[in-house]
There are 4 protein chains.
Amino acid sequence: MGHTAAVAGASGYAGGELLRILLDHPDIEIGTLTAGGNAGTPLGAHHPHLIALADRVLADTSAATLAGHDIVFLALPHGQSAAIAAELGEDVLVVDLGADFRLTDADDWTAFYGSEHAGTWPYGLPELPGARTALTGARRIAVPGCYPTCGTIALFPAYAEALVEPEAVVVAVSGASGAGKAPKPTTVASEVMGSVSTYAVGGAHRHTPEFAQNLSVAAGARVTVSFTPMVAPMPRGILANCSAPLKPGITAADVRAAYQRHLADEPFAHLLPEGTWPSTGMTVGANHALVQVTVDEAAGRLVAVAAIDNLTKGTAGGAVQSTNIALGLPETTGLPAAGIAP
Amino acid sequence: MGHTAAVAGASGYAGGELLRILLDHPDIEIGTLTAGGNAGTPLGAHHPHLIALADRVLADTSAATLAGHDIVFLALPHGQSAAIAAELGEDVLVVDLGADFRLTDADDWTAFYGSEHAGTWPYGLPELPGARTALTGARRIAVPGCYPTCGTIALFPAYAEALVEPEAVVVAVSGASGAGKAPKPTTVASEVMGSVSTYAVGGAHRHTPEFAQNLSVAAGARVTVSFTPMVAPMPRGILANCSAPLKPGITAADVRAAYQRHLADEPFAHLLPEGTWPSTGMTVGANHALVQVTVDEAAGRLVAVAAIDNLTKGTAGGAVQSTNIALGLPETTGLPAAGIAP
Amino acid sequence: MGHTAAVAGASGYAGGELLRILLDHPDIEIGTLTAGGNAGTPLGAHHPHLIALADRVLADTSAATLAGHDIVFLALPHGQSAAIAAELGEDVLVVDLGADFRLTDADDWTAFYGSEHAGTWPYGLPELPGARTALTGARRIAVPGCYPTCGTIALFPAYAEALVEPEAVVVAVSGASGAGKAPKPTTVASEVMGSVSTYAVGGAHRHTPEFAQNLSVAAGARVTVSFTPMVAPMPRGILANCSAPLKPGITAADVRAAYQRHLADEPFAHLLPEGTWPSTGMTVGANHALVQVTVDEAAGRLVAVAAIDNLTKGTAGGAVQSTNIALGLPETTGLPAAGIAP
Amino acid sequence: MGHTAAVAGASGYAGGELLRILLDHPDIEIGTLTAGGNAGTPLGAHHPHLIALADRVLADTSAATLAGHDIVFLALPHGQSAAIAAELGEDVLVVDLGADFRLTDADDWTAFYGSEHAGTWPYGLPELPGARTALTGARRIAVPGCYPTCGTIALFPAYAEALVEPEAVVVAVSGASGAGKAPKPTTVASEVMGSVSTYAVGGAHRHTPEFAQNLSVAAGARVTVSFTPMVAPMPRGILANCSAPLKPGITAADVRAAYQRHLADEPFAHLLPEGTWPSTGMTVGANHALVQVTVDEAAGRLVAVAAIDNLTKGTAGGAVQSTNIALGLPETTGLPAAGIAP
């Protein structure tokens, strides 16, 4: 138990998933739990599945309640992390599960979030080329968005090896937990069950610039992304269907070899056997991303698909993975390697 | 009750949906119902929701049992329709809900279905330019596939008006009834619930050439389609996310005007108000296709989305719509205009 | 089109289902639609599946906006119907889909609803012995609760024929639409999907006294009911599992004969063939209740199960069925006889 | 790693869940995996969520392949366990997840399973009074059925303390994985989604005598059980709604005190805080049973509800819990204490 951790926003879905993982982490001890409107209530009222923490009472979210821990996880609404982080001291590892510090381009931030850019922190997607170096020893981590985590893992080998043109198309479907736990008209159960819906079409989703940023990093050149998100009637999971025009002369064998090269040593991103395509059900509760890729000869496109659990690899598990790197622990420490199925 | 109709394959999902619609059709009387392995059992054992037909006993599927009706609907496995149709006489209206007579290119047929091409019948997608003319008075109708029905309605205005380049990308998600009622490993409930999966990626799905055929008809030139299908945990519905590179100089206003022009007079294909995106839940049990379209400026693509009920507009309702045209009835006769929600 | 109808509470689930049915009713014309907080918005924003009414703008709910129709359907929160009904005139047929006028015992009302009893109207469950007489020509109708509709149909033959002791146990499961369309923590999709939950256990549910009232009417003596409700991850449907101790000497043959006698002539309550048990999926969108009954010899109990669609037979369809009786129309007029499956 | 374990029936749902748990068990090493029809295929083809075991090839199920391990888990169809166990030697711990050795009454076995009774092994429900003693040091364990696990935990305190009459009513709902992984008409996804169904009503379910046996053990006298099972549209979970007539003079305080007394020290059966009712969603992937109890004064009944994950506490987790006891390990070793939600 080398490290203590506080969790801000513990009553939400991201906070609950983080606690589920930390309960099994051998090197991190769970400290103070905080919430906004739910402060003063026991955690069991919000996460009855976490029996061991049921009687923990949620404190108010503030720098004061969060101070005194080695690690502070922030699962807060956008815009609240910068002020708290500023008060916590530079030796505290602050891991932001929100969006505030993901983007490198201040104009992108303002265009999509409508406020002033707070800055850029080391980006917590270890699979992205260069990311592990930036995360090692870091004391600030920006955890990626759930869609960009999934889609980037599906496409970065193609861009890192210049197999495709810089015009990606990503159509991804998410489980309903991606919309959070607060009741709203679009997440009423009867509206979601039995229906798949599309939203934020045409480049309007806030994860669009993050996608383009990641693929541009992989390519070493500007990549545009046409991104369409959907919601499906399931609690968890993201499936990202990604494609881009193949560059002239690239063969299916080139593609498979490139994906094998980039994914063979990844602890949590796996290229499936040929012919097996990922489904979100293979990933529930696990920290792994499952990937498959092929070439559509008639259409001249590379098509790659990845599946993750949006709350595990896509949020809380990804956060702990990057935390392990920052702390110098083995990257897989405490992370669920097997999913729950069916 | 001007017309009598037999239904072959009545115990399956397509057959059941057809019977649900025909029960409310004022000009068609339900005659003989047939099945393969289920012959000899009452319909109520297979479709307990169709109380009025519960005691009807299923006959064997053969030209003999189907003869003597004005209309014969064939909801059979691929490859069985040609022989039966040949025996039924040219004055009988034969409506094939299977794939046998959809494709115009015999090589496409053989490449995707592995057998000899049976021929081409008038294509039952009234919204496709030219289709109503071919259907009027027809005595053979090939009902389109469910995915091509949805995706073609989403994209045909863009190709009919030459707004986009001939390289479409379609990522569509279907409810599980699209896989039929026969038990198989991929449709076991616990495997489907809580999971979205991708299959037949890279142009392998049999609906791929039908998509390309339809969009090429609309464009008057060859269009390629990169098609990726998914299955979502819901019984019914298809949502098709479609995009293509915009041609130079085409504006969002051009796009909207084109879609309004092509869809304004359609009885069952509706352009939604701006800002409203279709979901499959809006279409359950209805014969309508709901469409929305936008322009992704940053990615330079037109993005169109359509939703249908795969069993209604995508199969049985579409079949009755074309039947109405063939018989000279008002196109909307007997068809459900309102869906069931939630 | 002999009758005009206004619908108050048109933007909710009960209102939407009522409109779906009225769109197909040959003798009722849809007039003014009203809402509370949604007044001023188009119906299409709330019920996009009802394309034909998409542009209808919702008026405020008041006696003034509802006046001038032959029929007024009230789908309002509890406690609002009495004042409006008082202003509408005694010649207007007022059909209350809420609870205000269901109970005959004022003390029961106050104990379960906490306010003063507004009165008792003819009870709109035609299957209950004596109900059709009271409904014929009525100008006020209290539509039953969804659970009591289902459970009463399952058990009334047993009590009408004195087959069982007056101590019923009812454990029923409902789809999530029973909780209404307003967002609340218990109906957030991710909380509902993948989970069945029990609530209001131990006699706390407001439908408990209504159950006891109905079964007491059937028995001609006081019956107690132990009622436990659950919510399952589906939009629609109620399945009621009902049992009671068999009286001495009653045989399985007695039981079956009694159920056949009471249900044989019912247009919307059907005893299934022996060996077939009801599921909610057999009833979606239909006005029918499906019933099965057996005897558990070892436990000495009669066990009856009924399934309905909570929004159709359990609310809006039941309302129209009673309306037809009140108006002297054939009882089945305009009502969906076939469900949608799968 | 003191113990090696073989798993027979590894490609099914029970086998897969067992492997998920054993992967995290510090004192059990996974040895040979076997299957029937799936022998010769890799485990990854059946359980893609278990990445670490994906390449393990399934052997044929036989005493020869299973021999040489300290523990043999049998997840086989009914009737196959006795012959294999007989060949394995008395020092091997054989844990049967099937039904063969659960019942003590040979007539009950023959009445419900139609074959000759194979015998009775120590019953693996540690919560049942007396069970831990029988399990300590045992070399044969009969893992209970999933429904009896859930319902017995809900009711045993009431019977152990003689609070209720010996006539229990249990209405329980299960997720679809309870029906196994083999495709069959009743588990086709489109038939299950959107529908709750009842089956084996009137005492016909094979778990009925097991229920009666357990409650009779708790009561020290014969108890009858009216048991009605349902299937709900979710992969996992059982919710058991149980009630029985209160004995004269028993108060709500008596009931609560008794449940607290019996459950306070249980590691995996928890009485929830008053007012909180269990849902299956609180238990997914965890080995805990969550319980609540109340008194229905008007109906004169005790009502108790319990929720479990049918595959974890109801099958594989329960098996490992009893295995731990048999081996002298701490009872909670390797078992998931936290569920996955949402």
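Just so it is clear, the structure is predicted and the values come from calculations on it, not from any experiment. Reckoned from all heavy atoms, side chains included, excluding hydrogens, waters and symmetry mates. Protein chains get the first letters and strands the later ones, always in sequence-line order, with residue 1 at the start of each.
- With a threshold of 4.5 angstrom between heavy atoms, Thr228(C) approaches chain D through side-chain atoms but not through N, CA, C or O.
- A distance of 4.5 Å separates CE of Met230(D) from CG of Asn241(C), quoted to the nearest 0.5 Å.
- Each of Pro233(D), Ala232(D), Ser243(D) has some count of heavy-atom pairs under 4.5 Å with chain C, and the biggest count is that of Pro233(D).
- The backbone N or O of Ser279(D) lies less than 3.5 Å from no partner atom in the side chain of Ser197(C), so there is not a single donor-acceptor pair.
- Listed by sequence position, Ser190(D), Glu191(D), Gly194(D) are the residues of residues 176-194 of chain D in contact with chain C, using a 4.5 angstrom heavy-atom cutoff.
- Comparing Val171(D), Thr208(D), Val196(D) by how many heavy-atom pairs each has under 4.5 Å with chain C, the most go to Val196(D).
- Scanning residues 288-313 of chain D against chain C with a 4.5 Å heavy-atom cutoff picks out Thr294(D), Val295(D), Asp296(D), Ala298(D), Ala299(D), Arg301(D), Val303(D), Val305(D), ordered by number.
- At a 4.5 Å heavy-atom cutoff, the contact between Pro278(C) and chain D is made by backbone atoms alone.
- Between Val173(C) and Val173(D), every side-chain heavy-atom pair lies at or beyond the 4.5 Å cut-off.
- Highest contact tally toward chain C, considering only Thr283(D), Val225(D), Leu239(D), is held by Leu239(D) [criterion: heavy-atom pairs under 4.5 Å].
- Of the atoms belonging to Val169(C), it is side-chain heavy atoms, and not backbone ones, that fall under 4.5 Å from chain D.
- Of the atoms belonging to Thr224(C), it is side-chain heavy atoms, and not backbone ones, that fall under 4.5 Å from chain D.
- Ranked by heavy-atom pairs under 4.5 Å with chain D, the list Pro245(C), Ser226(C), Gly203(C), Ala204(C) is led by Ser226(C).
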